[in-house]
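Note that the structure is predicted; figures quoted are calculated from it, not measured.
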Amino acid sequence: MSTVASSELPKQYHHAEPERRWYQFWQQQGYFHSEPDPARKPYSIVIPPPNVTGALHLGHALNNTLQDILVRFKRMQGFNALWMPGTDHAGIATQAVVERRLLTEEKKSRHDLGRQQLVERIWAWKQEYEQRILGQLKRMGCSCDWQRTRFTLDETCARAVRHTFFRFFEEGLIYRGKRLVNWDTYLQTAVSDDEVFHETVAGHFWHLKYPVIDPQDGEPEFVTVATTRPETMLGDTAVAVHPDPAAALDAAEAELQKKLAAAGDKQRPEVQQQLADLQERRRTMLGPLEQLRDMALAGRKVLLPLLNREIPLVADVWAKPELGSGCVKVTPAHDPNDYDVGLRQQLPMINILNPDGTLNASAGPYAGLSMAKARDKVVADLETAGLLAAVEEREIELAHSDRSKTPIEPYLADQWFVKMEQLAQSAMDAVTDERVQIFPTRYARGYLDWLSEKRDWPISRQLWWGHRIPIWYAPDASEAELKKAFAGRDDVVWHRDEDHGGWLVCALEEDLDEQAVPGRRLVQDPDVLDTWFSSALWPHSTLGWPEQTPELAYYYPTSALVTSRDIITLWVARMVLMGLHNMHDVPFRQVFIHPKILDSYGEGMSKSKGNGVDPIDVMEKFGADALRFGLAYLTTETQDVRMPVDFECPHCNTLVEQTKKNRVLPRVTCKQCGKDFSTQWASKPDDVALPRGPVVSERFELARNFCNKLWNAARFVLLNLEGYAFAPIADADLAVEDRWILSRLSSVTSQVTAALEQYHFADAMRLAYEFAWDEFCSFYLEMVKNRLQDPAARPVAQQVLAHTLDNLLRLLHPAIPFITEEIWHLLAAAAPERGLARSERPAESVMKADWPQPETARQDSAIEARFAHFQDVLRGLREIRSRQNIPPKTPIRFALRTSDEIVELLRPMAAAIQSMANAEATAWGPDVEAPPTCARLALTAGEVLVDLAGLIDKDAEIARNEKERERLTGFVQGKRAKLANANFVDRAPAEVVQKERASLVEAEQKIAALEATLAALRA
RNA sequence: GGGCGCAUAGCUCAGUUGGUUAGAGCGCUAUGCUCACACCGUAGAGGUCACAGGUUCGAGUCCUGUUGCGCCCACCA
């Protein structure tokens, strides 16, 4: 690698070129690749595979930054570190994106293309976005082992899926059954509960009257039921009433009484009103409801209007007497609750829908209509028949499919399920007994709660993009025929198809031929598996399972999983249970849940909202290191990260605030220059033609500035390394500032290490930042300048400088890999041999360097205390200079009044004080005389007295001293009151009391000094 | 409805087991282009720690309640 002469280094760090160069270098050197090596300890992470639906945003950037920090950190610590990369096919999400595009651009549906062609289109899409995603990760500096890149739909993963399915099926953990599912009529597939969102829309509440068949004396002619979806009445198979209305009303009343007791003053009237309403209801409706209940028990029926079907009255607890009419229509095939009623009451289940959302033959005269049209017609027909009792306006929560954004219809369909009883329990145990640790620990609760429900997992999706279910139907074959056809094969198993008769045949790796059973036709199930089925296998499938590979033996269980909280249940829990089932061990030992990145409105970033930020934009402007450092710096334990973002106008570079309004526009007008620029939404040619306004956030300035500071510190070091030669340094040769910076370096090294081990990323960044900026740059570099001019002192100074920078680069490398590598090589050229007492050859790359070990022997509290006093004196002198408006170039003289002990500590710092504050000490000691005209400033332990002969601004000095006196007087009053409190003096620990007394005395002394100063100034 | 989290300077956030009169970065004011860095230095202004109670000698920190915000789960004929 070529290096630039240090004198040619620019004053500002330019990130673009080094980022490209070093990433290429690392890849060429094969640094990211890991092979099993029993002699070394492994450290492994599998990436949460990004969906190939689209490009990555800042949330992904955070997720991957943290993983790369961990991997680079562990690699430097000597672990054989593997970061396994890959992407997720994201079944429904990807298919939906491609189908939507197909529709908008070509006005075609998937059925126009057919299964094979659509899948080809999706593969093309996948290629494009996978490239983009992997490119984004590389640009960020991610040190993934790219040779091992996997895709959840590739051959290796497919094999793992087949084996898992086969074993589950063999063990009876997978079954098929008719279940009410969330049906997406647009995509024509079932979607899981997790893929459904609710939206409040204006709707109606219709009250329908069903005639009672042959009402007897005293019996009502109608029962009234209410619904928000009147068209579903076509599938009604009963009307329910509560079996014990009195008891139910009692329970409801008891509930309200409880609520009343707990209610605050504000809610009380409302609860009282509810209670009164309930009591009124009991008075008027209990009788009628009991009568209906008796009719139900007697097997009486009502007539379903429009279809004129006789349906029974049933007694079921689902009908709540405290709500509505107390009666409820039961549509088992189209409502989850009614489905349960249907099972309990053994009611017929009538499916009135076609897969595309139109009504089928069961809807009689309404067949062929869409749900919406059917609704209008049903309502109109009921009204004509005089059976519409009332219509209310009402806001309703309507379920929508997350993927197609169309309303969900509950729909009865054949689906495949995984039995969760045992599997869930095993995953719960793994967390309970801490084989898997979750950080922060509070997230374990949600994980356990969700698993404890042990709800069976619906795994079939009526899609074309995904792992095809390896089941073949043999409806008319006999078991004898199967036995004969598959004799001697252990890769085929079959179970009876309980619902439909015939056989379900599962094949392990090879698909079955239609003619596999002579004379019988086998038909493969058209469905694919839920995308989480393959992601759940990720930690072991990527390592080669079911093959017993060396990788699997070496890297599994993986060390850590880094992910965000919204997929703890969907993904993390399922990986644990799959890992336990297939590998008999947990998939990872630790899980770190990181914050979410929110926009300035507190909303999560997502593509559909338009508030997603492309990390490339941020990197273009600030650099990959700044992106990474900035994100890690924000990764605290508790908080989500709020990130206000702006467009940067490509014409005039000013920032245009991103609002809810403009963030979804294809073009935005700059307020500053009035010109238009395009955004991520641009699709029309004249929009696309405009220069693009990248989306950035000022929040990365801190990190960008930090990188620049580090760069300039390095520049300073390099400019001063001329003539550098290594020679062993004895501790006695070290100057005070050397001992101080080495002491601090040791402390900071152990603190940063501990923070990273505990996933306290923000702490680690803050510690390194403050050490680099406030200690190394602001003090050490300033102090060492004098010695660099002194030929006798120069060599030791150079060596400590190079050594400290070397260690700092290593501490920072996991977070900011590019700039540290760039400087590392510049430093290697200038100082090829480093170290203090012993010579050390720098590694060929900082990536391969050892993680710094704290040299605890160098930690020196006396030196650190001395520096505290020194910094105190400097601060005092600078403050007086500023107050008095004395220009920095004007030298000042000062006396320091403090104890002999501190004088001894500070005397060696005189030269530093001279150079850093342009101030000369004229006298030191406990009894120094104050110059006749002087500014005084109290320190922690003493006082600086600046001779102001010819310089003084009396008024400013008086004002400042008065203000300080006022502050101290308040302080002293507080302390006196505290110490006069017998309770405090008696009960607080003696050392606390002692500390308070000392600080009181100190403050009183300071006040006395101020009084004297003021008197002198006024004289 | 159940659960989790949050509320500290204009903005974005730190604040260890309770212990001197609460910190950082940005922004703001003043000032300095001093030979690493103006993406910088120096100094300054700026806070009833959401509100109300309680525990304690002592509360930003612990407890209870209230309000507001965010998220997860369940459910609403």
Side-chain angles (χ1 to χ4, degrees), chain A residues 9 11-13 193 198 205-206 225-229 232 240 264 266 318-320 323-325 327-331 335-338 341 396-397 440 442-443 445-446 449-450 453 565-566 568-569 596 598 600-604 622 626 633-634 636 638-644 697-699 701-720 762-763 766 769-770 777-778 781-782 785 874-875 878-883 885 887-889 915 917-918 967-968 970-971 974-975 978 981-989 991-993 995-996 998-1000 1002-1003:
Chain A
L9 297 178
K11 288 186 173 191
Q12 273 187 14
Y13 174 63
D193 291 345
H198 291 85
F205 201 45
W206 283 274
V225 293
T227 180
T228 55
R229 299 189 302 150
T232 62
K266 265 191 204 164
W318 167 239
K320 306 266 189 306
L323 294 175
S325 68
C327 294
V328 56
K329 65 195 267 305
V330 182
T331 322
D335 180 278
N337 294 302
D338 293 4
V341 177
I396 50 175
E397 292 278 307
R442 73 187 119 95
Y443 291 114
R445 187 176 177 145
D449 284 352
W450 185 81
E453 291 183 23
R565 80 176 96 82
D566 35 7
I568 294 174
T569 52
K596 291 185 69 167
L598 310 175
S600 54
Y601 304 99
E603 295 175 8
F622 297 108
Y633 189 83
L634 295 168
T636 57
T638 51
Q639 297 258 40
D640 283 341
V641 177
R642 208 170 275 226
M643 172 104 35
S697 174
E698 287 176 289
R699 303 211 54 193
E701 282 178 8
L702 167 93
R704 190 264 322 262
N705 294 353
F706 177 61
C707 289
N708 197 241
K709 188 74 176 176
L710 182 67
W711 175 251
N712 276 290
R715 255 185 94 218
F716 173 82
V717 173
L718 296 165
L719 288 168
N720 285 287
D763 287 349
R766 199 161 270 124
Y769 177 95
E770 285 169 2
C777 290
S778 293
L781 294 189
E782 292 304 325
K785 281 176 180 171
L874 273 186
R875 210 173 6 253
R878 285 165 172 172
E879 189 180 325
I880 289 171
R881 186 184 282 282
S882 168
R883 284 289 167 201
N885 271 319
K889 279 179 183 159
S915 69
N918 195 13
R967 190 185 71 85
L968 282 169
F971 180 78
K975 290 291 156 200
K978 200 171 192 181
N981 183 343
N983 270 330
F984 171 67
V985 179
D986 294 347
R987 304 171 85 155
E991 43 179 73
V992 172
V993 177
K995 228 163 118 188
E996 292 293 311
S999 78
L1000 174 60
E1002 206 177 276

Compare the minimum distances between each of B:G3, B:A36, B:A14 and the side chain of A:T636, then state the nucleotide with the smallest one. B:A14

Looking for any heavy atom pair under 4.0 Å, which part of the strands does A:C777 touch: base, sugar-phosphate only, or nothing? base

Rounding to 0.5 Å, atoms CG (A:N708) and CD (A:Q12) come to a distance of 5.5 Å

Short side-chain N/O contact to B:U12 OP1/OP2 from A:R699, under 4.0 Å: no

Can you name the residues that form a ring pair (Phe, Tyr, Trp, His ring centres under 6.0 Å) with A:F622, not counting sequence neighbours? none

5' priority, RNA chain B, between A:D566 and A:Y633 [closest heavy atom]: A:Y633

Taking Watson-Crick and G-U wobble contacts under 3.5 angstrom, with | marking pairs to another strand and [ ] crossing pairs, the secondary structure of RNA chain B is written (((((((..((((.....[...)))).(((((.......))))).....(((((..]....))))))))))))....

Select from A:L702 and A:A713 the residue whose nearest nucleotide in RNA chain B is closer to the 5' end of that strand. A:L702

When the distance from NZ of A:K596 to P of B:C13 is rounded to whole Å, what number comes out? 15 Å

When the distance from CH2 of A:W450 to P of B:A74 is rounded to whole Å, what number comes out? 10 Å

What are the two closest heavy atoms between A:C777 and A:K709, and how far apart are they? CB-CE, 3.8 Å

Please report the closest heavy-atom contact between A:E782 and A:S915, naming both atoms and the distance. O-OG, 4.5 Å

C1' gap between B:G2 and B:U48, integer Å: 35 Å

Between A:R229 (side chain only) and A:D335 (backbone N and O only), is there a donor and an acceptor less than 3.5 Å apart? no

Roughly how far apart, to the nearest Å, are B:C57 and B:A52 at atom C1'? 23 Å

Rounded to whole Å, CZ of A:R715 lies from P of B:C37 at a distance of 5 Å

Please measure how far the C1' atom in B:G3 lies from the corresponding atom in B:G25, and state the result in whole Å. 35 Å

Over how many whole Å does the gap from A:E698 atom CD to B:G10 atom C1' extend? 13 Å

In whole angstroms, how far is the C1' atom of B:U31 from the NZ atom of A:K889? 13 Å

For nucleotides B:C62 and B:U16, find the distance between their P atoms and express it as a whole number of Å. 8 Å

Can you tell me how far CG of A:L9 sits from CZ of A:F716, rounded to the nearest 0.5 angstrom? 14.0 Å

May I have the distance from A:M643 (atom CE) to B:C11 (atom P), rounded to whole angstrom? 17 Å

Just how far is it from atom CG of A:L718 to atom CG of A:N712, taken to the nearest 0.5 Å? 11.0 Å

Can you give me the closest heavy-atom contact between A:K11 and A:W711, atom names plus distance? O-CD1, 4.1 Å

Measuring only the P atom in each nucleotide, how far is B:A7 from B:G15? A whole number of Å is fine. 10 Å

Taking all heavy atoms of A:A626 and all of A:A703, pick out the closest pair and write down the distance. O-CB, 3.3 Å

Remember a base hit wins even if backbone is also touched, and classify A:R229 as base, sugar-phosphate or nothing at under 4.0 Å, heavy atoms. nothing

Looking only at non-hydrogen atoms, find the nearest pair between A:T227 and A:K329 and report the distance. CB-CD, 3.9 Å

Where is the tightest heavy-atom contact between A:V717 and A:L781, given as atom of each residue plus distance? CG2-CD2, 4.5 Å

Output all residues satisfying side-chain contact (heavy atoms from CB on, under 4.5 Å) with A:V328, sequence neighbours left out; order by chain, then residue number. A:A240, A:W318, A:A319

Set out, line by line, the N/O atom pairs under 3.5 Å between protein and nucleotides 39-45 of chain B.
unit_1 : atom_1 : unit_2 : atom_2 : d
B:C39  : O4'    : A:N705 : OD1    : 3.2
B:C39  : O2'    : A:N708 : OD1    : 2.9
B:C39  : O2     : A:R704 : NE     : 2.9
B:C39  : O2     : A:N705 : OD1    : 3.4
B:C39  : N4     : A:Q12  : OE1    : 2.1
B:C40  : OP1    : A:N705 : ND2    : 3.1
B:C40  : O3'    : A:K709 : NZ     : 3.2
B:G41  : OP1    : A:K709 : NZ     : 3.3
B:G41  : OP1    : A:W773 : NE1    : 2.4
B:A43  : O2'    : A:S882 : OG     : 2.9
B:A45  : OP1    : A:K963 : NZ     : 3.0

Residues in side-chain contact (heavy atoms from CB on, under 4.5 Å) with A:D566, at least two apart? A:S564, A:K596

Report the distance from atom CG of A:D449 to atom P of B:G1, rounded to the nearest whole Å. 19 Å

Side chains of A:W450 and A:I568 in contact at under 4.5 Å (non-hydrogen atoms): no

Describe the nucleic acid contact of A:W318 in one word from base, sugar-phosphate, nothing, applying a heavy-atom distance below 4.0 Å. sugar-phosphate

Can you figure out which of B:C37, B:A14, B:A24 approaches the side chain of A:R766 most closely? B:A14

Give each protein N/O atom lying under 3.5 Å from an N/O atom of nucleotides 57-61 of chain B, with the pair distance.
unit_1 : atom_1 : unit_2 : atom_2 : d
B:C57  : OP1    : A:R987 : NE     : 2.4
B:C57  : OP1    : A:R987 : NH1    : 2.5
B:C57  : OP1    : A:R987 : NH2    : 2.3
B:C57  : O4'    : A:N983 : O      : 3.4
B:C57  : O2'    : A:N981 : ND2    : 3.2

Using the P atom as the point on both nucleotides, what is the distance between B:C75 and B:G70, in whole Å? 23 Å

Atom C1', compared across B:C63 and B:U56: separation rounded to whole Å: 12 Å

Scan A:T228 against the nucleic acid and name what it touches under 4.0 Å (heavy atoms): base, sugar-phosphate only, or nothing. sugar-phosphate

Calculate the interatomic distance between A:R445 atom CZ and B:C4 atom P; express it in whole Å. 4 Å

Taking atom P in both B:U20 and B:U61, compute the distance separating them and give it to the nearest angstrom. 14 Å

